[in-house]
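Everything quoted here is computed from the prediction, not taken from an experiment.
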Amino acid sequence: MVKKLNKNGLRQKNKVTDDSELEEKTQQIFHELYETYSYRRITAELYKTHHQKIDPKKALRIMNKLGLKLTKFWRKSRRYSSYKETIAPNPLNRRFSAKYPLQKLIADVTAFKTADEQKMYLRPIMENH
């Protein structure tokens, strides 16, 4: 008697895997790196240090099972330090057109690094007419 199997019948059902070693490595990496790594970075770290490639979703399942949550997270400040200083008054109030020449001039300062690691400043002056 020959049994016909479809594609789903070829898959292993109730596959049991032992992830205890993977759980230990995940927990070790999470605590060594001061609880600042999420599941994506843990996946990358597992591959980089232990040469073990796993799916990020599996790492997420393991972290959820162990109760490992990213608690120490900080965002980098992307602002320039000059924003913290006082802001100059805005006399133009977005009225850039002028009735007479040389009535409204606008200037800006831009810094460039030269080949010998020195700074050079460029200050163009523009006329709004």
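Hydrophobic side-chain contacts under 4.5 Å tie Ile125 into a cluster, directly or through other members, with Leu102, Leu105. Residue Tyr121 is found in a hydrophobic cluster whose other members, listed by chain and number, are Val109; membership requires side-chain heavy atoms under 4.5 Å apart, directly or through intermediates. Side-chain heavy-atom separations under 4.5 angstrom define the hydrophobic clusters, and the remaining members of the one that includes Phe112 are Leu122. When hydrophobic residues (I, L, V, M, F, W, Y) are linked wherever their side-chain heavy atoms come within less than 4.5 Å, the members clustered with Met63 are Leu22, Ile29, Phe30, Leu33, Tyr37, Tyr39, Ile42, Leu46, Ile54, Leu60, Ile62, Leu66, Leu68.
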Output a table of donor-acceptor pairs, distance under 3.5 Å, between side-chain atoms of residues 94-101 and any protein atom two or more places apart or on a different chain; print 'none' if there are none.
none

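Remark: Glu127 pairs with no residue by the salt bridge (charged side-chain N to carboxylate O under 4.0 Å, His left out) rule, at least two apart or across chains. Considering only residues two or more places apart in sequence or on other chains, Lys104 meets the salt bridge (charged side-chain N to carboxylate O under 4.0 Å, His left out) condition with none of them. For Arg61, the side chain to side chain contact (heavy atoms under 4.5 Å, CB included) partners are Lys57, Lys58, not counting sequence neighbours.
Going from atom CD of Glu21 over to atom CD of Glu24 covers 7.5 Å, rounded to the nearest 0.5 Å. The CG atom of Leu92 lies 5.5 Å from the CD1 atom of Ile106; values are rounded to the nearest 0.5 Å.
The side chain to side chain donor-acceptor pair (under 3.5 Å) analysis of residues 42-55, with sequence neighbours excluded, yields the pairs Lys25-Gln52. Screening residues 108-117 for side chain to side chain donor-acceptor pair (under 3.5 Å), with sequence neighbours left out, gives Thr114-Asp116. Within the structure, the salt bridge (charged side-chain N to carboxylate O under 4.0 Å, His left out) test picks out no pair touching residues 31-44 (sequence neighbours left out).
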